[in-house]
Structures are given as C-alpha cells and as structure tokens.
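Each ligand, and each atom within it, is numbered from 1 in the order the structure gives.
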Amino acid sequence: MAAEGENIILFPFMAQGHIIPFLALALQIEQTTKRYTITIVNTPLNIKKLRASIPAESSINLLEIPFASSDHGLPPNTENTDVLPYHLVVRLLEASTSLRPALRELLQKLMEDPHRPLCIIADIFFGWTASVAKELGLFHLIFSGAGGYGLACYYSLWVNLPHRKTNSNEFSLPDFPEIHTLHKTQLPANISEANGADAWSLFMRKNLSEWINSDGILFNTLQEFDSLGMLYFRRKLSRPVWAIGPVLLSTESKSRGKGSGVSPEICREWLDTKPWNSVLFVCFGSMNTISASQMMQLALALEDSRRNFIWVVRPPIGFNINSDFKAEEWLPQGFLGRIQESKRGLIVHNWAPQLEILSHVAISAFLSHCGWNSVLEALSHGVPILGWPMAAEQFFNCKLLEEELGVCLEVARGKSCEVRHEDIAAKIELAMSDREIGKEMRRKACNIRDMIRNAMKNEDTCMGSSVKAMDDFLSAAAAAFIKEKTTETRDQN
Ligand SMILES: *[C@@H]1O[C@H](CO)[C@@H](O)[C@H](O)[C@H]1NC(C)=O
Ligand SMILES: *[C@@H]1O[C@H](CO)[C@@H](O)[C@H](O)[C@H]1NC(C)=O
C-alpha cells in the first residue's frame, strides 16, 4: 500500500477510446517513477472490463463508483459509449455529470485515509471534477489522450462555434489564429451540426470551460512537435500545460484486440519476405470502417499502385461490424485471388498487431484515420502517414501532420466523401516512391522518431522533455500537497 501522498487517482470518461489512454498513463507512471500507486475510478461494468486488461505485474487498484444507466434514459447496463448508438452518446455524457456526489464522497473518504492521495487526473470531458477537487483541497489535473494541436482546434470550435458565424466554407478560429483556416469538411458531425442550443453544445461549452478550475493539463504528446497546441492552452487557460507523451500501451494488451484477425508471427513472416521500405500498412483504427464504395475504390487503388500492402478490413458502413467479411461482395471481382497470386497483399480481418507491423523495416507508409494513438505509434517508428481522417479531432491531427510537420499527405476526408481510385493511387505513389516528396516525408518522420526517443530519455545525466514534464507535474502536485497539509495542521492548532 502506498504511503501518504503517493497515491494517484485516475478518472477516465466511460469510452474505450478514453479508458485505454488512461490505462497507458497509469502503467507509464507506475513503471517510470516506481513510486506511486495508481487507483482508477470508474463505473462497475467498466471496472470489471478493466480488471481483465491489467497486466499481472501491475499493482493498479480499481475503485467502483455507483451508476445505474436506466436512471438516465439509457438502456440497462450500458456504461460505455461502445455499446451505445450515436444518438445516445451525448446522454451518457450528460449522465456522467450525475457522478458528482458519489465522486465527492469517494474522494472525501480517501482524503481521510492514512494513504491520502496526491492528486486526481480526470478526463477532458470531466471538467466538473475540478471544482470537486478544489473543495476538498486535492490537486487536480486533466489528461488528454489526444494531442495538443488537435484538441486545441476541437476546444476552440466548441467554445466559439465559428462556422456558425460565416457563410464561407473556410474560416479561422478567433483564439487560435496560428492554424490559419479550417474547412467545413474538416468538422466532425457533432460540431458541424452544433448551433449552441443542442445537447452536444450545451455539454461541451460548459464542461470544457471548466478546465479553467484545474491545476494543470497533461497531454499525450511532445512539446517539440506540438508546441502550437501547447501554446493555445497556456494562453487560453493560464495554467501549466505538460507534454508527457508518448503514453502508449507497451504491449498489445488484451483490452485492445477485438479478437485478433492474425497473429503477430504471421505478419512478421510475411513482412520478412518483403524488401526494406516497400509495404503500405492500411488500417483505420479499432472503431472505424469506410463506405462500400470507398472500400471498392481503395481496393482498386491498392491494385493500381502495384505496391505491397497489409490491409485490415472490416465490413463497410451499413453492415454489422462484427459480421463475416464478404470479399466477393465488397471487393473487386477476383481481387483476393490476384493479390494472393502476386503475393503483394495480406488481408487481415478486424484487427492486426499494429505496433509490431509499424516497427518492421519493410513498412514504408501508413494509410491511417489519424487517431492520435495510431499517429504516435507511426511516428515512434519514423513511418510517414497517408491521412484519411474520419471523426473527432482526427481532421486536425491530419492537418498538423501535413501542414506543420510535413510527414503526411491527406488522401480523403470522412466516411461519406467520394473517392476515386486514381487519386488514392497517385498519393500512394507520391508517398512511397523514391522521388522528392516521399523521401522528404520519410526523412522528417525519422527526425520525429529521434525527437521522441530523446524526449523519453531517462538517464541521470540526461532527462528528456517528456520525462521532465512528468517529473514537473508530480513535483507541483507534491508541493501543493505539503502546502495543504501545513495549512490543515495550522488550522487544527
Ligand atoms: C456539464 O454539462 C451538463 C449537461 O449539459 C450540464 O448540466 C452541467 O451543468 C455542465 N457542467 C458544468 C460544470 O457546467
Ligand atoms: C462526436 O461524435 C462521435 C461519434 O461520432 C463521438 O465519438 C465523439 O466523442 C463526439 N465528439 C467528438 C470527439 O467529436
């Protein structure tokens, strides 16, 4: 059991895309500091799921906070966005604010415990927890699994709704002029439909603004390549902002695989037969798929390009994502036979060991939805990206990668846009050929890989920026802890 001031409470929003980065953060703090005990707080069904994904050697504690979904107009036993249709996601967000009294009670008990916690680190959607922590004299941080630039665009869009104030397709962000302009096609559905009075707007505008009460913000990113995003939040909130990334799950834990479609060994053996820098990896994350017509065009593009590829496929939009993949129906006629014969492609169903694949020297580029975890995994291995953003802040991640970092070409935007196989094939060729653009992208991606290695250096003589940021936020929390205790002792005397 941890001593006083050595326990850290983590409180992620109830969605896999949020819980997994928090689990990664928990393991990273545990492993790099070897000092703190982590307690993850969540609703009962999420705790149950988490219990199964915590590695045996970890001493992470889990604490349940009561929640009854049916009290909030949600189906019974639905505590995670993964099991909810899109129109109910916002209801789970609203319902999460009802956890306030229970969280307060739980924290108050912990504060009276001899193992009194050092700080609480809460989700970007849990701005309301800042005032609870303040009432109790507990140091409070927000952790974003997403990067600074992407989240800055997202945050600014919600608090300003600039697209509502113009008829033009392009507009700028009033408090983030550094990014120049955004286009309407780069808005995720819930922002593009927002008018300030709908449920999403009401939730986001109030709860994101609550960050101002937090003691600091942690980002899963690097100061070196995400300085614009860090600048935005420092200026906007006048709080410390710490770039502590990349925070990644070091092994493909059970929580990620939705039933793996292929073993790491098969991928490795296949990749071993391919020349260095010759394979395109195509994967849109564990939550996404594309439309049937997009899938057909992508398949034709992969054939046109004559490059090697590994493609993680899922049934297209409109079909049950867990149903069998009907290659005869969804891919061009004879496609599977042709790629099998030419040995140019490996088709994987549902899920692939992404980190193992990206780390292989045969990989040349990654066609990705630009989810932040995928971006960090690719950059950590110096792999340039062909961006096909689909939702949330992915559009802005893609913009950062292409316009600021020069490691990406955007090939398409969204799950419903029309794509032409000639255009996709042309971008694949640009990125993978030995001509200038492709070479330049690979060179820049390798620079970023080295930046990441340096930021993670943890030696006595040399502490990387991310390791130092982790150290700094823990020191700030410790200073606040001592101050709080001194005040209390004085008050008691
Ligand atoms: C967060 O959003 C909910 C739902 O819109 C709202 O009821 C609540 O007041 C907001 N929280 C804060 C702290 O403003
Ligand atoms: C908007 O909706 C998506 C689902 O399409 C949801 O996952 C997301 O949390 C919402 N907010 C964002 C991140 O855009």
Give a yes or no on whether the ring-centroid distance for F233 and F219 is below 6.0 angstrom.
-> yes
For the residue pair F325 and W330, is the inter-centroid distance of their aromatic rings smaller than 6.0 Å?
-> yes
N77-S69 side chain donor-acceptor pair, cut-off 3.5 Å | no
Quick one: are the ring centres of H369 and F284 less than 6.0 Å apart?
-> no
Which pairs of N or O atoms, one from ligand 1 and one from the protein, are separated by less than 3.5 Å, and what is the distance for each pair?
| from | atom 1 | to | atom 2 | distance (Å) |
| --- | --- | --- | --- | --- |
| ligand 1 | 2 (O) | N207 | ND2 | 2.3 |
| ligand 1 | 11 (N) | N207 | OD1 | 3.0 |

Does H183 have its ring centroid less than 6.0 Å away from the ring centroid of F395?
-> no
Would you give me the side-chain donor-acceptor pairs under 3.5 Å for residues 168-175, sequence neighbours excluded?
| from | atom 1 | to | atom 2 | distance (Å) |
| --- | --- | --- | --- | --- |
| S168 | OG | E170 | N | 3.0 |
| S168 | OG | E170 | O | 2.8 |
| E170 | OE1 | T181 | OG1 | 3.1 |
| D175 | OD1 | S156 | OG | 2.6 |
| D175 | OD1 | N160 | ND2 | 3.2 |
| D175 | OD2 | N160 | ND2 | 3.2 |
| D175 | OD2 | Y232 | OH | 2.9 |
| D175 | OD2 | K236 | NZ | 2.7 |

